[in-house]
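First comes the structure, then the notes that go with it.
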Amino acid sequence: IVQYFNRVRFSDSYSNSSFKKRYFEIIYALAGDVDHPFNAKRLHSKLSSLALPDRDVWWTIFLNDSDYEEHNFHRFVTWTQKYGQTAPLSSEGRALLCIAISWFFTSTNNSLRDGATRSLVELLSNQLQLAKHLLMDFEPVDDPYVQERVFLAIYGAALCSKYKEGLDELCNYLIERFFSAEEVYPNVLVRDSARNICEHAVHFGFLDDSLGEYFRPPYNSKFPKKL
């Protein structure tokens, strides 16, 4: 099966909407199966390797044109919203579902984006040790729509979590990789979510307030050449 999909994925049949629909149904049905070759790692490997325009053609247009209510995308989002916190998932399986959900954020369908955001909050609540790895997985992805919602969902999960294990590690990662960059990601929504995650950690004693000089504005930014 794997050899078949590898052979046809860039053929004319792969651009066929019915074939593509079935392909993504398989991917999302198996997204959290740790040992299956068609789990979320396969989708992530493909989508993260594409530049934004190519990804839009290959994935986002299909996502936007799909009948969300009738596609198993909707069932996937609904299930994770309902059982994201309580399902008996391994850490790796839960991390795979987080990756699969996060790729819905490329869509301009607000119903899908909002539903997926709530799903990701549910999956990460009381599982904050997974948040750092999700940020690492999506750090190279050049889509501000994705970055905005991934950061926002992690902030939401931090607020909703009774158990804060992993919050300190998450904040240290943000300080070292996000806020210490030559230019802090130039998106006010992303910056605000990242800062508020750290502020939340300070409030609960998981981060020293003296580190605020790193995560509070003003940030390293390039002044735009044209306004």
Side-chain angles (χ1 to χ4, degrees), residues 17 20-21 23-25 27-29 31-32 39-85 87 94-125 127-128 130-131 133-161 170 174 178 185-197:
S17 60
K20 219 170 190 180
K21 179 176 183 292
Y23 176 80
F24 289 125
E25 283 178 346
I27 291 289
Y28 274 86
N39 64 25
K41 286 182 180 178
R42 186 178 186 85
L43 180 70
H44 186 70
S45 176
K46 172 61 181 177
L47 295 181
S48 62
S49 70
L50 297 174
L52 178 59
D54 297 324
R55 189 186 310 119
D56 282 346
V57 170
W58 193 86
W59 163 248
T60 307
I61 291 175
F62 171 81
L63 194 61
N64 290 339
D65 289 345
S66 298
D67 187 344
Y68 170 52
E69 299 294 334
E70 298 298 325
H71 202 281
N72 76 332
F73 294 157
H74 182 261
R75 295 191 294 275
F76 187 83
V77 168
T78 302
W79 185 89
T80 48
Q81 282 182 15
K82 188 173 182 180
Y83 300 109
Q85 286 195 50
R94 184 178 294 273
L96 287 171
L97 293 182
C98 290
I99 290 171
I101 282 287
S102 297
W103 279 113
F104 289 146
F105 297 146
T106 68
S107 177
T108 56
N109 181 327
N110 285 331
S111 178
L112 174 56
R113 283 170 58 79
D114 292 345
T117 303
R118 291 192 293 271
S119 293
L120 189 54
V121 170
E122 290 294 324
L123 286 166
L124 290 173
S125 292
Q127 303 287 338
L128 295 176
L130 300 178
H133 300 287
L134 185 64
L135 289 179
M136 291 172 67
D137 286 332
F138 280 88
E139 184 177 349
V141 175
D142 58 344
D143 190 333
Y145 265 34
V146 174
Q147 299 294 342
E148 285 174 8
R149 291 301 178 112
V150 168
F151 275 81
L152 179 62
I154 291 174
Y155 176 43
L159 293 177
C160 293
S161 293
L170 169 62
L174 288 172
F178 183 81
Y185 194 83
N187 182 302
V188 66
L189 297 178
V190 175
R191 290 176 173 184
D192 196 52
S193 293
R195 179 183 66 82
N196 280 318
I197 293 167

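The basis for the numbers below is simple: all heavy atoms, side chains too, and nothing from hydrogens, waters or symmetry mates.
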Do the ring centers of [X] and [Y] come within less than 6.0 Å of each other?
X: F24; Y: W58; value: yes
X: F76; Y: Y28; value: yes
X: F151; Y: Y185; value: no
X: F138; Y: W103; value: yes

Given 3.5 Å as the limit, does a donor-acceptor pair link the side chain of [X] with the main chain of [Y], or not?
X: S193; Y: L189; result: yes
X: H133; Y: A95; result: no
X: N109; Y: L112; result: yes
X: R94; Y: L123; result: yes
X: S49; Y: K46; result: yes
X: S125; Y: S161; result: no

Verdict with supporting geometry, F73 and L63, side-chain contact (heavy atoms from CB on, under 4.5 Å): CA-CA 9 Å; F73 294 157; L63 194 61; 3.3 Å; yes
Looking at side-chain heavy atoms only, is the closest gap between L170 and L135 below 4.5 Å?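 Answer yes - side chains close enough.
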Within a strict 4.5 Å, meaning less than it, do heavy atoms of the W79 and L97 side chains meet?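 A side-chain contact under 4.5 Å exists here.
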How about [X] and [Y]: does a side-chain donor come under 3.5 Å of a side-chain acceptor?
X: T117; Y: R149; answer: yes
X: N64; Y: S107; answer: yes
X: N187; Y: Q147; answer: no
X: E122; Y: Q81; answer: no

Separation between [atom1] of [X] and [atom2] of [Y], rounded to the nearest 0.5 Å:
X: K20; Y: I27; atom1: NZ; atom2: CD1; result: 12.5 Å
X: N39; Y: L96; atom1: CG; atom2: CG; result: 5.0 Å
X: R55; Y: I61; atom1: CZ; atom2: CD1; result: 13.0 Å
X: H44; Y: I99; atom1: NE2; atom2: CD1; result: 5.5 Å
X: W59; Y: D143; atom1: CH2; atom2: CG; result: 12.0 Å
X: T78; Y: R118; atom1: OG1; atom2: CZ; result: 9.5 Å

Cation over ring, R113 on F104, under 6.0 Å and within 45°?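 Ring-cation test returns no.
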Which atom pair, heavy atoms only, marks the closest approach of [X] to [Y]?
X: L52; Y: D142; value: N-OD2, 3.2 Å
X: L120; Y: S102; value: CD2-OG, 3.7 Å
X: C98; Y: L124; value: SG-CD2, 3.7 Å
X: V121; Y: A153; value: CG2-O, 3.5 Å
X: Y145; Y: T106; value: CD2-O, 4.1 Å
X: V77; Y: A116; value: CG1-N, 3.9 Å

Presence of salt bridge, K21 and E25, under 4.0 angstrom: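 A salt bridge links E25 with K21.
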Can you list everything that forms a side chain to side chain donor-acceptor pair (under 3.5 Å) with D192? Sequence neighbours excluded, please.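 Only R195, N196 meet the side chain to side chain donor-acceptor pair (under 3.5 Å) criterion with D192.
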